[in-house]
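Take a look at the structure below.
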Amino acid sequence: RNDVKVTFSCTDNPGGSGCSTTKYCTDTSNTCTPDKNPPVTIFTEGITFVRYSSTDNAGNPEPIQSRLVNIDRTPPATSIVSVGGDTSPPYMDTSNDGRTDIVVSGEASMSCRWGTTDVIYSSMSSSNECLISVSTATCSLGALSAGTYTRHVSCKDSVGNEQTTDSSQPTGNEDVTFDICVRSNPTVTITPASQNGEPGDTKTYTVSVTNNDQNCGTEGFDLTPTGCPTGWTCTLPSSLSVASGSSQTATLSITSSPTA
């Protein structure tokens, strides 16, 4: 990733007249004719061909030789594959498996770390190294409780070019905001517990549904009355939408048979 200084040495064959001159040229197509005096320093990022030839004191030129110089100064460009198995933002981990993984794709042989602060790879803790498989990094954050989090993933390539903290750039860190959702069974209560009435009467009950999920947004709960006796009419709304940690009510209406 640094500038490359190229120097040349010439040794004639035993018994020869000795080296006279060495000429070189550079291009990206490996076709130029050597016409410059060495040494040469390569500054340009990417692939450069250095072509050279020496001539002895008797005027005999050697066949043109060529060497490839590849300068890489560009950090890896990465993108988020998934967070907790969720492949599209806003990311939410609903797996309830006691761990959250951030998966990032980039380039082969890169190294990546994750952290709670937005710094470059070398400034992140070595204990937060991500697992690399070809060009994919899996960063295991461990177990997190329900809530909203922001984590940062920073990578470097095989020659040490590190991503910057400017996430707006293709070669910047990945700044990942996500939610941890912890699901639990809902609580359902019916009040009053019982009522007395005459045959054919209609009685109403309040059905309360509590969404015991944590940080999971709003869920729809299907409501179906069961156990309604033959000849009776039991009606209940088909569903309720309830936010995490909240409760909603519906009215259950029961009309007994006139011959009950």
Side-chain angles (χ1 to χ4, degrees), residues 74-188 208-222 239-248:
T74 303
T78 55
S79 60
I80 300 170
V81 175
S82 64
V83 181
D86 191 353
T87 58
S88 59
Y91 299 106
M92 179 174 287
D93 184 353
T94 62
S95 59
N96 285 7
D97 60 359
R99 60 178 289 170
T100 297
D101 291 346
I102 298 175
V103 180
V104 171
S105 66
E107 65 181 50
S109 302
M110 67 179 181
S111 300
C112 300
R113 292 173 180 171
W114 66 270
T116 57
T117 56
D118 190 14
V119 294
I120 61 175
Y121 172 90
S122 58
S123 296
M124 289 184 173
S125 172
S126 59
S127 62
N128 290 347
E129 202 78 29
C130 305
L131 179 65
I132 305 297
S133 177
V134 190
S135 59
T136 300
T138 300
C139 308
S140 296
L141 311 184
L144 297 172
S145 57
T148 301
Y149 298 85
T150 297
R151 295 292 183 265
H152 310 275
V153 177
S154 185
C155 303
K156 69 173 183 177
D157 63 17
S158 58
V159 297
N161 294 307
E162 299 189 31
Q163 290 183 316
T164 70
T165 57
D166 185 357
S167 60
S168 67
Q169 300 300 315
T171 55
N173 291 351
E174 298 294 344
D175 301 332
V176 191
T177 298
F178 58 95
D179 288 290
I180 300 294
C181 157
V182 177
R183 298 197 182 280
S184 301
N185 291 329
T187 302
V188 179
S208 177
V209 178
T210 300
N211 183 351
N212 293 316
D213 293 345
Q214 301 177 57
N215 202 49
C216 299
T218 298
E219 288 290 331
F221 294 88
D222 294 332
S239 64
L240 274 179
S241 293
V242 188
S244 295
S246 300
S247 300
Q248 293 289 343

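Computed from a predicted structure; not experimentally measured. For the single chain, residues carry numbers from 1 onward in sequence order.
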Counterpart residues, side chain to side chain donor-acceptor pair (under 3.5 Å), relative to [X] (two or more places apart):
X: S208; result: none
X: T117; result: none
X: S88; result: none
X: T74; result: E45

Which heavy atom of [X] sits nearest a heavy atom of [Y], and at what distance?
X: T164; Y: I120; value: CA-CG2, 4.5 Å
X: R183; Y: N96; value: N-ND2, 3.1 Å
X: T218; Y: S241; value: CG2-CB, 4.0 Å

Under 3.5 Å donor-acceptor, [X] side chain and [Y] backbone:
X: N215; Y: I180; result: yes
X: S244; Y: C216; result: yes
X: T210; Y: N212; result: no
X: E219; Y: A243; result: no

**OP:** Could you list all the disulfide bond (SG atoms under 2.5 Å apart) pairs where at least one residue sits in residues 137-166, not counting sequence neighbours?
**Re:**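 For residues 137-166: C112-C155, C130-C139.
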
With sequence neighbours left out, which residue pairs that include part of [range] fulfil the salt bridge (Lys or Arg N to Asp or Glu O under 4.0 Å) condition?
range: residues 84-102; value: R99-D101
range: residues 151-177; value: none
range: residues 115-134; value: R113-E129
range: residues 135-150; value: none

**OP:** Using the test side-chain contact (heavy atoms from CB on, under 4.5 Å), find all partners of S239 that sit at least two apart in sequence or belong to another chain.
**Re:**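 With neighbours one apart ignored, the set is D222.
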
**OP:** Please collect all ring pair (Phe, Tyr, Trp, His ring centres under 6.0 Å) contacts where either partner lies in residues 124-156, sequence neighbours excluded, each pair once.
**Re:**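 As it turns out, the ring pair (Phe, Tyr, Trp, His ring centres under 6.0 Å) pairs with a partner in residues 124-156, which skip direct neighbours, are Y149-F178.
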
**OP:** Kindly state each residue pair satisfying ring pair (Phe, Tyr, Trp, His ring centres under 6.0 Å) with at least one member in residues 90-145, sequence neighbours excluded.
**Re:**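 Ring pair (Phe, Tyr, Trp, His ring centres under 6.0 Å) check on residues 90-145 returns no pairs.
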
